[in-house]
Visitor: 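Below is a structure I'd like to ask you about.
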Protein chains: 2
Amino acid sequence: MERFREYMRDRNLPLTHQREAVASAIFYSEEHLSVDDIEAALRGNEVHVGKATVYRTLDLLVRAGLVDEHDFGEGFRRFEPLSARTHHEHLICTSCGKVVEFTSERIERMKALIADEHGFRHHHHRLDIYGVCGDCQEHAVEPSETRRSELGRGSR
Amino acid sequence: MERFREYMRDRNLPLTHQREAVASAIFYSEEHLSVDDIEAALRGNEVHVGKATVYRTLDLLVRAGLVDEHDFGEGFRRFEPLSARTHHEHLICTSCGKVVEFTSERIERMKALIADEHGFRHHHHRLDIYGVCGDCQEHAVEPSETRRSELGRGSR
DNA sequence: ACCGGGGTTGAGAACCGGTTTCAAGCGGGA
DNA sequence: TCCCGCTTGAAACCGGTTCTCAACCCCGGT
């Protein structure tokens with residue numbers, strides 16, 4: 001949050017109430033928030049924030065490198081604070097939608113190596129593993145196909 | 001292509017001209033095609049194929065396991081034939097959009113291991129590495145920022 | 001404090017992949 | 001060849017995201 005204020009100050013960008021509201025909504029959450037989630041969290045707040053501004057501020061935060069943007073194939077994006085935490089990957093349950101985060105030093109090293117091999121200057125990457133979590137494997141009736149059409153298609 | 005006919009025959013699904021046209025457009029391409037690309041490739045063909053049918057046939061092909069679906073964050077999907085080729089990962093140039101494919105046995109093993117560790121029954125995964133390719137690093141004027149907004153946004 | 005102007009905001013409209021609808025048209029077994 | 005059920009196409013629809021533009025606010029200069 002302080003890093004956000006600093007970023008804005010550095011480039012002489014106005015620090016409006018709306019921007020602070022959106023930024024704090026994200027920074028004080030550990031979840032992967034959708035735009036709907038953010039709007040809901042802001043509702044009832046004394047500062048009203050329009051949808052357009054939420055999107056614009058998210059853009060700003062992503063460009064600032066303070067927020068990370070994800071697409072879990074639900075048809076809309078999710079955002080999470082990048083704070084001081086290191087980069088991590090996602091394990092997504094195709095049955096219940098649960099998202100588990102993990103990190104792997106070996107993967108970090110490997111992706112750098114691979115980028116190098118192909119002459120790429122590495123920038124960022126995304127590794128998402130889809131499967132069925134332990135809970136769903138128990139009380140499940142072969143959900144993989146069913147859920148796939150909900151997740152994959154669905155779209156806009 | 002023959003695998004497609006076989007698949008349709010096996011489950012008594014009508015093999016229409018439209019379906020053959022869409023399938024061959026994909027199977028005879030080495031690219032990652034967007035729906036626009038496919039429609040363009042089909043234009044001028046004697047068999048006219050509507051947009052809805054292109055989507056429906058793609059769905060069919062994906063479910064059949066003959067075509068793979070990708071989202072490179074451009075705001076729309078791309079498709080590629082899965083033929084007999086093994087699963088592979090993507091290296092995407094954020095400057096010119098070029099996509100390089102690669103495979104890594106180590107990554108395959110690692111993702112299975114990681115899914116196991118978290119009690120997930122592994123299904124599929126996606127690893128995309130974003131960076132700047134060799135060509136773009138030469139005649140480049142720090143394109144990362146510019147291109148990001150072109151690639152990343154677009155969406156819906 | 002006050003001013004002024006350039007960046008920001010909000011409501012709604014526009015946009016755009018993608019999906020659904022439904023009447024008309026085919027495929028292919030009998 | 002007949003017929004039924006699945007498929008097709010055009011257009012309407014959907015929902016997330018972006019654009020528009022007049023009103024508004026942040027903030028440096030005074």
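Basis for what follows: all heavy atoms, side chains included, without hydrogens, waters or symmetry-related copies. Sequence lines set the chain letters: A, B, ... in the order given, protein chains first and strands last, and positions in each chain run from 1.
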Visitor: Would you say dT7(D) has OP1 or OP2 under 4.0 Å from some side-chain N or O of R19(B)?
Guide: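 Yes.
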Visitor: Could you check how far CG of L58(B) sits from C1' of dT7(D), rounded to whole Å?
Guide: 16 Å
Visitor: Do Y7(A) and F79(A) land in one hydrophobic cluster if side-chain heavy atoms of ILVMFWY residues count as linked below 4.5 Å?
Guide: yes
Visitor: Using atom types as modelled and distance alone, determine if a side-chain donor or acceptor of R43(A) lies under 3.5 Å from a backbone N or O of H48(A).
Guide: no
Visitor: Do V99(A) and L91(A) have side-chain heavy atoms sitting under 4.5 Å apart?
Guide: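 The answer is no; the side chains never approach within 4.5 Å.
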Visitor: For D116(B) and R121(B), what are the C-alpha separation, side-chain angles and deciding distance, and is it a salt bridge (charged side-chain N to carboxylate O under 4.0 Å, His left out)?
Guide: CA-CA 7 Å; D116(B) 255 31; R121(B) 177 144 46 90; over 6 Å; no
Visitor: Would you mind reading off the distance between R77(B) atom CZ and dG18(C) atom C1', rounded to a whole angstrom?
Guide: 7 Å
Visitor: Using the ring centroid of each side chain, check whether H87(B) and H124(B) are separated by less than 6.0 Å.
Guide: no
Visitor: When the distance from CD of E39(A) to P of dG15(D) is rounded to whole Å, what number comes out?
Guide: 15 Å
Visitor: Can I26(A) be reached from V47(A) by stepping across I, L, V, M, F, W or Y side chains whose heavy atoms are under 4.5 Å apart?
Guide: no
Visitor: Counting primed atoms plus P, OP1 and OP2 as sugar-phosphate and everything else as base, spell out the protein contacts along nucleotides 22-30 of chain D at 4.0 Å heavy-atom distance: B, S or - for each nucleotide, 5' to 3'.
Guide: ----SS---
Visitor: Residues from residues 48-57 of chain B sitting under 4.0 Å of DNA chain D, heavy atoms only?
Guide: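 Those residues are H48(B), V49(B), G50(B), A52(B), T53(B), R56(B).
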Visitor: Could you give the CZ-to-C1' distance, from R11(A) to dG7(C), as a whole number of Å?
Guide: 16 Å
Visitor: Between H122(B) and F120(B), is the ring centroid distance below 6.0 Å?
Guide: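 Aromatic pair excluded; centres sit 6.0 Å or further apart.
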Visitor: Enter the inter-axis angle for the ends of the helix from dA1(C)-dT30(D) to dA30(C)-dT1(D) (five pairs per end, rounded to 10°).
Guide: 30°
Visitor: Keeping the roles fixed (side chain from S29(B), backbone from A25(B)), state whether a donor-acceptor pair exists under 3.5 Å.
Guide: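 Flag not set: sc S29(B) to bb A25(B) has no pair under 3.5 Å.
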Visitor: Would you say D128(B) and Y130(B) make side-chain contact, with heavy atoms under 4.5 Å?
Guide: yes
Visitor: What is the distance, rounded to the nearest whole Å, between atom CG of L60(B) and atom P of dG18(C)?
Guide: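 Value for this atom pair: 17 Å.
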Visitor: Between P on dG18(C) and CZ on F76(A), what's the gap in Å once rounded to a whole number?
Guide: 16 Å
Visitor: Find the distance R43(B):CZ to dG9(D):P and express it as a whole number of Å.
Guide: 14 Å
Visitor: Atom CD of E74(B) to atom P of dC16(C): distance rounded to whole Å?
Guide: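 After rounding, the gap between these two atoms is 16 Å.
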Visitor: More than 12 heavy atoms of other residues, nucleotides or ligands under 6.0 Å from CD of E108(B): yes or no?
Guide: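 Yes, the 6.0 Å shell around CD holds more than 12 heavy atoms from other groups.
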Visitor: State whether the number of non-hydrogen atoms from other residues, nucleotides or ligands found under 6.0 Å of R5(A) atom CZ is greater than 12.
Guide: yes
